[in-house]
2 protein chains.
Amino acid sequence: MARIAGSSGPRTEEAIRRAGLALIATHGYAAMSLRQLAAEVGIQQGSLYNYFRNKQEFLFDLIRGHMLDLHAALDAALLPDGSAEARLTRFTEFHVAYHVERPQEVFICYSELRSLEPDNLAAVVAMRRDYERKLGDILDHGCATGEFGLADTRMATLAILAMLSGICTWYKPEGRLSTTALQEIFTGMVLALARGGEPAAAAVPARRRGALRAGAA
Amino acid sequence: MARIAGSSGPRTEEAIRRAGLALIATHGYAAMSLRQLAAEVGIQQGSLYNYFRNKQEFLFDLIRGHMLDLHAALDAALLPDGSAEARLTRFTEFHVAYHVERPQEVFICYSELRSLEPDNLAAVVAMRRDYERKLGDILDHGCATGEFGLADTRMATLAILAMLSGICTWYKPEGRLSTTALQEIFTGMVLALARGGEPAAAAVPARRRGALRAGAA
DNA sequence: GTCTATAATACGATAGAC
DNA sequence: GTCTATCGTATTATAGAC
C-alpha cells in the first residue's frame with residue numbers, strides 16, 4: 001500500500017503477484033480491476049503494463065506458474081514405489097500441506113479456469129489431467145494388489161481431490177487444527193475411503209430417486 | 001434467443017432465471033453483463049429492470065431461492081431416525097441426485113458467495129450452516145453408537161460435502177454413469193470414509209512436511 | 001520504471017414513449 | 001411489459017514526458 005517513489009523492479013513484480021493473488025482469491029478475476037490492483041501495490045494503473053501485456057496474461061502467468069510449482073513439488077514428494085497405502089498416505093500428506101501453505105494459489109487454479117481464454121485453458125487443463133493421473137495410478141495399483149476396494153477409481157480420484165481441495169476454501173492459519181493434525185485426519189479419511197469395505201448397497205431400503213424435490217418429482 | 005414481440009411476463013421471468021443461471025455458472029456473476037443476459041433472453045437490457053431492482057438482487061434471489069429449495073428437499077428426503085448408516089446413506093443419495101439434477105444452481109451457491117454483499121452473504125451463510133449441521137448430526141450420532149469411527153466429525157462434514165459438491169463441477173448428463181450408479185459409488189465411498197478403520201498413523205515413515213516445495217523448504 | 005493523460009469502449013441503471 | 005435512448009461512471013489499454 002505504501003511505496004518509496006521512483007523505485008524498484010523485481011520488488012514491484014513480486015508485490016503485484018502477491019496483491020493479485022489476494023484480490024483474485026477474494027473477489028475473483030473479473031471483479032478485480034487493474035486500478036484496484038495498482039492501488040494495492042502503490043503504483044499507478046498504467047505502470048502495471050510494464051509487467052504484463054494485458055490482464056488475461058497476468059492471470060495465466062499466475063495459474064501456469066503455480067501449476068508448475070505444484071507438479072514439481074508433488075514429484076519431489078511422492079514415493080516412487082512402495083505399498084499403495086504408503087503412496088496414498090504420502091500423496092495425501094503432501095496435498096494437505098500444500099493447500100495449507102498456499103491456499104490462495106490453489107483456490108485460484110480451480111475457481112478461475114473459467115476466466116482463461118481457450119488456448120490458455122487448454123494448457124492448464126492438460127496439466128491438471130497429469131495431476132489427476134498421478135493419484136489415479138496409485139488407486140489403480142492399490143485395487144490391483146487388493147489393498148484398496150474401490151468400485152470406480154476414476155470417481156474415487158475426483159472425490160479425493162475434491163475433498164482435499166476443499167481445504168483451501170475454509171482453512172485459516174489461526175484455526176483449531178495444526179497442519180500435522182489435518183494431515184493425520186485427512187490421511188485417515190482418504191485411506192478409509194480407498195480401502196472400502198463391504199459394499200454399501202442395500203444398507204438401506206432402495207429409494208434412490210423419489211422425493212427429491214420438496215413438491216415435484 | 002428468439003422471442004415473439006410484445007409478449008409475456010411470467011414466461012420472461014423464467015427465461016431470465018434460466019439464462020442467468022447458465023451465464024453465471026459458465027462465466028461467473030461479475031463477468032456476466034446485463035446486456036448479455038438480455039440478449040440471451042431476447043429482450044432489451046433496460047427491460048430486465050422489470051424483474052429485479054439491480055444486478056445484485058438478481059443474484060441473491062437466485063441463490064436464496066435455491067437454498068430454500070435445497071433445504072426443503074433435504075428435509076423431505078432425510079430419514080428422521082434409524083441407524084446412522086441408513087441416515088448417511090439417504091443423505092448421500094439425496095445429495096448426489098440433487099447435484100446431478102441441478103448442477104448449475106448448486107455450483108453457483110458455492111462459487112458466487114464472494115459476489116454477495118455483506119447482508120445477503122450473511123443470510124446465505126446461515127442457511128449453509130444449517131445444512132452442514134444436518135450432516136454433522138448424523139456423523140456425531142454414528143460416532144456415539146460406534147457405527148462410525150471418525151477422528152473429527154467437523155472435518156468429516158466438510159470433507160464429505162466437498163467430495164459430494166465436487167460432482168457439479170464435472171457431471172455431464174451424457175456421461176458414463178447413471179444417477180443410480182453414481183449414488184451407489186458415492187454412498188460406498190462416504191460410508192467407508194465414515195466407518196473409518198484402524199488409524200492410518202505410522203502406516204508410512206513420518207515425513208509430514210519436508211520436501212514440500214521443489215527447491216525451497 | 002513510473003508518471004500523467006487519455007482513447008475507446010463497456011458497464012449498470014434510469015426516463016419516458018408506446 | 002417492452003422499447004429506445006441516454007446518463008454517469010468504470011473499464012482495459014495506450015502514448016509520451018520524465
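Since the structure is predicted, the reported quantities are computational estimates derived from the model, not experimental observations. For the numbers below, each heavy atom of this structure counts, side chains included, while hydrogens, waters and symmetry mates do not. Below, chain A is the first sequence line, B the second, and so on; all start at residue 1.
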Table please: side-chain donor-acceptor pairs of residues 13-31 of chain B below 3.5 Å, with sequence neighbours left out.
residue : atom : partner : partner atom : Å
B:T26   : OG1  : B:A22   : O            : 2.7
B:Y29   : OH   : B:Q56   : N            : 3.2

B:S33 side chain near C:dC11 phosphate (N/O to OP1/OP2, under 4.0 Å): yes
Strand contacts (DNA chain C) in residues 57-64 of chain B, 4.0 angstrom heavy-atom criterion: none
Of all pairs that satisfy ring pair (Phe, Tyr, Trp, His ring centres under 6.0 Å), the ones with a partner from residues 153-190 of chain B, not counting sequence neighbours: none
For A:H141, side chain to side chain contact (heavy atoms under 4.5 Å, CB included) partners two or more places apart: A:A84, A:R87, A:T145
Option passing side chain to side chain contact (heavy atoms under 4.5 Å, CB included) with A:T187 (candidates A:V96, A:L182, A:T89): A:T89
Qualifying residues under side chain to side chain donor-acceptor pair (under 3.5 Å), relative to B:R35, sequence neighbours excluded: none
Partners meeting side chain to side chain contact (heavy atoms under 4.5 Å, CB included) with A:A123 (sequence neighbours left out): A:F60
Side chain to side chain contact (heavy atoms under 4.5 Å, CB included) partners of A:A151, counting only residues at least two apart: B:I185
Residues forming a salt bridge (charged side-chain N to carboxylate O under 4.0 Å, His left out) with A:R154, sequence neighbours excluded: A:E132
Contacts of type side chain to side chain contact (heavy atoms under 4.5 Å, CB included), residue A:S178, not counting sequence neighbours: A:T180, A:A181
Nucleotide D:dT6, atom C1' - distance to CD of B:Q44 in whole Å: 14 Å
A:E117 CD to D:dT12 P, straight-line distance once rounded to whole Å: 14 Å
Base-contact (B) and sugar-phosphate-only (S) positions in nucleotides 13-18 of chain C, heavy-atom cut-off under 4.0 Å, - elsewhere: BB----
Interface residues of residues 16-32 of chain A with DNA chain D (non-hydrogen, below 4.0 angstrom): A:M32
Would you mind writing out the side-chain donor-acceptor pairs for residues 157-166 of chain A within the sub-3.5 Å range, not counting sequence neighbours?
residue : atom : partner : partner atom : Å
A:T157  : OG1  : A:T153  : O            : 2.8
A:S165  : OG   : A:Y110  : OH           : 2.4
A:S165  : OG   : A:L161  : O            : 2.7

